[in-house]
Structure formats: C-alpha cells, structure tokens
Amino acid sequence: MHQFTIEPLFGSEGWELAGFNIAFTNSALWMLITTVLLWAFVLGGMKRELVPGRWQMMVESFTGFIDDMLEANVGKAGRKYVPYIFSLFMFILFANLLGLLPLGVVGLHPFTFTSHFTVTGVLAIISFSIVLVVGFWKHGFHFFSLFVPHGTPLPMIPIIFPIELISFLVRPFSLALRLFVAMMAGHVLLKVLSSFVIDGINAGAGFAALVSAPSFLLMIGISALEILVAGIQAYVFALLTSLYINDAENLH
C-alpha cells in the first residue's frame, strides 16, 4: 500500500501553522501538476480562430460535451454551471490519467490523489454545497419539498420525509466513495499483478512462463481498462453533480 502513502517533500515535514502540519506533500504536488496541465490545456484552446486547429477543437469538444450534458439534465439554466462542471470533470480526468503514468517525473513517482477519500470528499462537499446554496437561494424553505415526492399521501409524509432527507444527505458520501473506491481498487490490482510478475521472474524460468507472462499480459489489459475507468469516473462524478444541481434548479 506504499503507493497510497502521503509523504512530505522538499524537507517540509516540519512546517506547522497554529499547531497543524502544513507540509507540502506528494499529493499536493500532483494536484499542482494537474492544475497547471489543465490550465495549459485550456489556454492552448482559447485562440478563437475562425478555422480552429486540433488543440482548439479538443477544448471546444470537451466544453460542448459538458454544455450538452448540462442542457440535457438541467435545461437552459444549466449553462451558467458549465465552467464549474467543466473544471470538475477535467480536473478529475487529468488526475486519474496522470496517476496511471508508468514513469516518474523529476524522480517522483506519479501519485493518484483521487484514490484518497479526503480529496474526493472535498470535491463532493463543494458540489453538494453549491446544490444547497442554489436550492435555498432560489426556493427558500420550499426547498424542503424536495424530500416529499409529488402525490405522497398525507399520512405517509412523516415516514417518507426522513427517508428522503437521509438519502439526500448521503449523496456527497456516495459521490466521493464511488471515485475513491474505483481508483484505489484499480491501482491495488495492478500492484498485485506486478508482484506476481516480479516474484515469478525471481523464482526461475518455469515460474516466469507460468506466472509472470500471463500476469504481465493481464496487467496490459487492466491498464487499458483503467484508462477507460479514469474517463468514466470523471464523467459519472460530473453527471451526478449536474443531476443534483437539477434538483435545486428545477424544484417542483
């Protein structure tokens, strides 16, 4: 499990502020790398040429994809959330893909910070907070009607309301847990298979042929699957966030 260990870098383990350790860690470094690469990616596509180049086409394709998703789930009111959902989707996508790099950068092994519940939890809480702010801003206390489905018989309201409320409050937990589990499970599986490859080679030619070769081929397949999962999990996180925003925007 060493690949998930958060470690301080550049001698920052002694940094403290008000009694809290604020060391600059490998997790923080890869968040910074992800942010810089995302910023460079978007900046490269902001030329606004009449005949867009490939880079501009890529950025516009992703932007259009998010815009279409929000329009389908929220309606015309969803357009104002495009910057946030686009940033959320691309940040998670870049983070997931960078964590799959097989080689280190400046001597540092790639770190998948989305495999930590604290990171995915903060992203989920930010999204959930937007839903609450929008919901109460637009609808006031009428927002609580979200927890009473239309047509619910009056005697059933005391039972349905707490169930719906608990289901609503669990949303950020389930949103964060889904991404965290998917990223951690994939990397653990790759680590186990890589240990089979190394141990088989160390055990001799026979074990290398029987254990290492099949494990290595399986690693290639799992790595390809992980690339797909990296995109799917970013999409699911953005999609569910847009659906939650729809609840706040289009409350009936």
Side-chain angles (χ1 to χ4, degrees), residues 31 34-35 37-39 41-42 45-46 58-97 113-152 157 160-183 228-252:
M31 287 185 200
T34 300
T35 303
L37 290 179
L38 177 55
W39 178 82
F41 172 75
V42 175
M46 293 180 66
M58 282 194 299
V59 176
E60 289 181 357
S61 296
F62 278 111
T63 306
F65 169 72
I66 297 299
D67 184 54
D68 292 342
M69 181 181 69
L70 281 167
E71 184 172 353
N73 294 319
V74 184
K76 295 297 182 182
R79 179 155 294 180
K80 58 178 172 289
Y81 300 102
V82 169
Y84 173 69
I85 300 297
F86 173 81
S87 300
L88 183 68
F89 171 77
M90 296 301 294
F91 182 75
I92 295 174
L93 178 62
F94 273 46
N96 293 346
L97 293 177
F113 57 83
T114 47
S115 66
H116 280 258
F117 188 71
T118 49
V119 176
T120 61
V122 169
L123 294 176
I125 288 173
I126 293 173
S127 298
F128 191 67
S129 299
I130 291 174
V131 172
L132 291 177
V133 169
V134 171
F136 283 109
W137 180 269
K138 291 194 65 174
H139 308 288
F141 288 107
H142 182 62
F143 183 64
F144 285 109
S145 64
L146 177 66
F147 311 127
V148 182
H150 181 70
T152 302
I157 291 180
I160 297 297
F161 182 84
I163 293 175
E164 290 291 331
L165 178 61
I166 293 172
S167 174
F168 181 78
L169 295 177
V170 168
R171 284 180 176 182
F173 178 80
S174 62
L175 189 63
L177 189 65
R178 185 180 292 105
L179 175 58
F180 149 70
V181 169
M183 290 299 102
L228 180 62
V229 170
I232 290 175
Q233 288 301 317
Y235 170 71
V236 169
F237 202 101
L239 175 63
L240 291 177
T241 300
S242 68
L243 292 175
Y244 299 156
I245 289 175
N246 176 59
D247 288 341
E249 278 283 348
N250 303 313
L251 181 65
H252 298 295

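Just the heavy atoms: all of them, side chains too, but no hydrogens, waters or symmetry mates, feed the values below. Note that the coordinates shown come from a computational prediction; the quantities given were computed from them, not determined experimentally.
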Side chains of I92 and M183, heavy atoms from C-beta outward: is any pair under 4.5 Å?
no
The reported gap from OG in S167 to CD1 in I160 (rounded to nearest 0.5 angstrom) is 11.0 Å
List the steps, then state whether side-chain contact (heavy atoms from CB on, under 4.5 Å) holds for R171 with D247.
CA-CA 12 Å; R171 284 180 176 182; D247 288 341; 2.9 Å; yes
Please give me the minimum heavy-atom distance between L93 and A230, naming the atom from each residue.
CD1-O, 4.0 Å
Are F168 and F128 close enough that their ring centers fall under 6.0 Å?
yes
Please determine if K76 and E249 form a salt bridge, counting it only when a charged side-chain N lies under 4.0 Å from a carboxylate O.
no
Stepwise side-chain contact (heavy atoms from CB on, under 4.5 Å) check, L70 with N246:
CA-CA 9 Å; L70 281 167; N246 176 59; over 6 Å; no
L88 versus S127, closest heavy-atom pair with distance
CD2-OG, 3.8 Å
If you take all heavy atoms of V229 and A182, which pair is closest and at what distance?
CG1-CB, 4.4 Å
Atom pair CG (D68) and OG1 (T63), whose distance is rounded to the nearest 0.5 Å:
10.5 Å
Proximity of F94 and F41 rings by center, below 6.0 Å:
yes
Apply side-chain contact (heavy atoms from CB on, under 4.5 Å) to I66 and Y81, showing your working.
CA-CA 9 Å; I66 297 299; Y81 300 102; over 6 Å; no
With under 30° as parallel and over 60° as perpendicular, where do the rings of F144 and F161 fit, or are they tilted in between?
tilted
Are M69 and I85 side-chain neighbours, meaning at least one heavy-atom pair lies under 4.5 Å?
yes
When the side chains of residues 232-245 are checked against the rest of the protein, which donor-acceptor pairs come out under 3.5 Å, sequence neighbours left out?
{"residue": "T241", "atom": "OG1", "partner": "F237", "partner atom": "O", "Å": "2.8"}
{"residue": "S242", "atom": "OG", "partner": "N73", "partner atom": "ND2", "Å": "3.3"}
{"residue": "S242", "atom": "OG", "partner": "L239", "partner atom": "O", "Å": "2.5"}

Using 0.5 Å steps for rounding, measure from the CG atom of L37 to the CG atom of L97.
11.0 Å
Side-chain donor/acceptor pairs under 3.5 Å, residues 117-124, sequence neighbours excluded:
{"residue": "T120", "atom": "OG1", "partner": "F117", "partner atom": "O", "Å": "3.3"}
{"residue": "T120", "atom": "OG1", "partner": "A176", "partner atom": "O", "Å": "3.1"}

Measure up the F147 and F143 rings against each other and bin them: parallel (under 30°), tilted (30 to 60°), perpendicular (over 60°).
perpendicular
Within 6.0 angstrom of F65 CZ, more than 12 heavy atoms from elsewhere
yes
Do the side chain of S129 and the main chain of I125 share a donor and acceptor less than 3.5 angstrom apart?
yes
Aromatic plane relationship, F89 with F62 - under 30° parallel, 30 to 60° tilted, over 60° perpendicular:
tilted
State, to 0.1 Å, how close L38 and S87 come at their nearest heavy-atom pair, and which atoms those are.
CD2-O, 4.2 Å
Output yes when a side-chain donor or acceptor of H116 lies under 3.5 Å from a complementary backbone atom of F180, and no otherwise.
no
